[in-house]
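Here is the naming used below: chain letters follow the sequence lines, and residue numbers restart at 1 for every chain.
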There are 2 protein chains.
Amino acid sequence: MKPARSRAVNTSSVNISTINMGTVNIGDAAKASGVSAKMIRHYESIGLIPSAGRTESGYRTYAESDLHRLRFVKRARTLGFSIKEIEALLALWGDRRRSSAKVKALTQKHIDELEGKIAEMQAMKQALQQLAHQCHGDDRPDCPILDDLAAEPNRAPRCH
Amino acid sequence: MKPARSRAVNTSSVNISTINMGTVNIGDAAKASGVSAKMIRHYESIGLIPSAGRTESGYRTYAESDLHRLRFVKRARTLGFSIKEIEALLALWGDRRRSSAKVKALTQKHIDELEGKIAEMQAMKQALQQLAHQCHGDDRPDCPILDDLAAEPNRAPRCH
DNA sequence: ATGAACCTTCCCATGATGGCAAAGTCAACC
DNA sequence: GGTTGACTTTGCCATCATGGGAAGGTTCAT
């Protein structure tokens, strides 16, 4: 594709062809939202965000409302929500008749999942610390850590 | 392939062709180790475990030492070690001249990684609980959770 | 006009696991 | 001997969120 020129305007210069005031390219959208350009394209491809506008030469353009949505997604990812969950959150965000109960329930479910994972990892950490504590950590080959890994599951008590 | 018969023996019947006493098929190895047949094949394909023996008809066979190694891998996965790390642990396990210091260091590094992830998830959980607490969770559309997600990063204080 | 710094699409990789399909094998039973 | 069911084999595709890179087009400033 190589049609006429018409660039996303972020300066004060006016463009006649389209009223793309204040729209930016994907790189600036990435900087402004904290979502990488790569991921913005990805989110668009899986339908998490609507297809971006395009300049006549094919460059994606982002308006302030698009940046707002991207920031929303970024923040939700930072809080650990999955893409599926964010999809639901975005729908609720855009729904003026939503009930906050739905949002809260979704959030609580996510909190529960986090708690499950945290507990799991803490159990791992606990067991490992126990083992590391028992290990001399010197030049000798004796190693309770390897002994534990190599232990028959039945015989040796794995209950730390 | 369809050569002569010769099966992995797990009963008391004797097989003349090869001395495969006590060797089992992949399904039994899976049951005995807790590693799925699928993953056993996968571990073999990426070189984590040596290629299993084969019957004349191509079935993989596992001796007690193989099961031992599989149990080692399973236990290490349960403790959250990555495949790369388990590779190193297996090497140390098989090295009589090893120093326990290396094992301990590897373990400590893993503990540190776990701690990092746990802290990260706890921060998420904390923030989410804060927000969920502020949310009515009723039929009204007012929702501090969505408000937070939609907030401009600069203005609203994200410091919970 | 040239070059830097963008942008586009497309393909591949990660890590650990699961699923499915088509085909071959084994043991047991009638 | 034939059938049946429970195994096994390989291979390809999917997940989830992200990054890397190639090959080529665009924009803009020097």
Side-chain angles (χ1 to χ4, degrees), chain A residues 1-11 13 15 17 20 23-31 34-49 51-62 73-74 76-87 110 113 117 120, chain B residues 1-11 13 15 17 20 23-31 34-49 51-62 73-74 76-87 110 113 117 120:
Chain A
M1 311 162 180
K2 42 183 141 176
R5 55 225 48 79
S6 142
R7 194 171 194 261
V9 173
N10 51 352
T11 71
S13 66
N15 194 308
S17 61
N20 47 9
T23 74
V24 296
N25 282 344
I26 198 168
D28 292 331
K31 275 172 210 148
V35 181
S36 71
K38 203 89 192 191
M39 289 312 297
I40 295 177
R41 291 193 200 97
H42 179 59
Y43 290 159
E44 180 183 327
S45 82
I46 63 176
L48 181 66
I49 56 175
S51 296
R54 300 278 183 145
T55 66
E56 290 172 46
S57 60
Y59 281 24
R60 288 176 180 79
T61 61
Y62 296 88
V73 171
K74 174 63 181 178
R77 284 295 302 137
T78 300
L79 288 174
F81 284 103
S82 71
I83 301 294
K84 285 281 172 200
E85 287 165 337
I86 296 174
E87 212 160 336
H110 179 40
E113 287 166 1
K117 286 183 199 161
E120 201 179 327
Chain B
M1 310 165 177
K2 41 183 141 178
R5 57 226 46 77
S6 141
R7 193 172 194 261
V9 174
N10 53 353
T11 71
S13 66
N15 193 312
S17 60
N20 46 8
T23 73
V24 296
N25 281 343
I26 200 170
D28 293 331
K31 277 172 208 150
V35 182
S36 72
K38 200 89 194 196
M39 289 312 296
I40 295 176
R41 292 192 198 97
H42 179 61
Y43 290 159
E44 180 182 327
S45 83
I46 63 176
L48 180 66
I49 55 175
S51 295
R54 299 279 183 143
T55 65
E56 291 172 43
S57 60
Y59 280 25
R60 287 176 179 79
T61 62
Y62 296 88
V73 172
K74 174 64 182 179
R77 284 295 300 136
T78 299
L79 287 173
F81 284 104
S82 71
I83 301 294
K84 286 281 172 201
E85 287 165 338
I86 295 174
E87 212 161 335
H110 178 40
E113 287 165 1
K117 285 183 201 161
E120 200 178 328

Check whether any side-chain heavy atom of Thr55(B) lies under 4.5 Å from a side-chain heavy atom of Thr23(B), and answer yes or no.
no

OP1 or OP2 of [N] sitting under 4.0 Å from any side-chain N/O of [X]?
X        : N       : result
Tyr43(A) : dT18(D) : yes
Ser57(A) : dT27(D) : yes
Arg77(A) : dT18(D) : yes
Arg60(B) : dT10(D) : yes
Arg41(A) : dC10(C) : no

For [X] versus [Y], what's the shortest heavy-atom pair and its separation?
X        : Y        : result
Ser36(A) : Ala30(A) : C-CB, 4.0 Å
Arg77(B) : Ile83(B) : CD-CD1, 4.1 Å
Tyr62(A) : Arg60(A) : OH-CD, 3.1 Å
Lys74(B) : Val35(B) : CB-CG2, 3.7 Å
Thr61(B) : Ala52(B) : O-CB, 3.8 Å
Ile26(A) : Arg41(A) : CD1-CG, 3.5 Å

Rounded at 0.5 Å granularity, tell me how far CE in Met39(A) sits from CD1 in Ile49(A).
9.5 Å

Nearest 0.5 Å, please: how far is CD in Glu85(A) from CG in Leu79(A)?
11.0 Å

Tyr59(B) side-chain proximity, nearest of dT18(D), dG24(C), dC7(C)
dG24(C)

To the nearest Å, how far apart are [X] [atom1] and [N] [atom2]?
X         : N       : atom1 : atom2 : result
Glu85(B)  : dA16(C) : CD    : C1'   : 14 Å
His42(B)  : dT17(C) : NE2   : P     : 8 Å
Leu48(B)  : dG15(C) : CG    : C1'   : 13 Å
Asp28(A)  : dC28(D) : CG    : P     : 12 Å
Ile26(A)  : dG19(D) : CD1   : P     : 13 Å
Lys117(B) : dG15(C) : NZ    : P     : 12 Å
Ile40(B)  : dT17(C) : CD1   : P     : 12 Å
Glu56(B)  : dC26(C) : CD    : P     : 9 Å

Report all interatomic pairs (protein N or O, nucleotide N or O of nucleotides 13-16 of chain D) with separations under 3.5 Å.
none

For nucleotides 21-23 of chain D, which of its nitrogen or oxygen atoms have a protein nitrogen or oxygen under 3.5 Å away, and what is each distance?
residue: dG21(D); atom: O6; partner: Lys38(A); partner atom: NZ; Å: 2.4

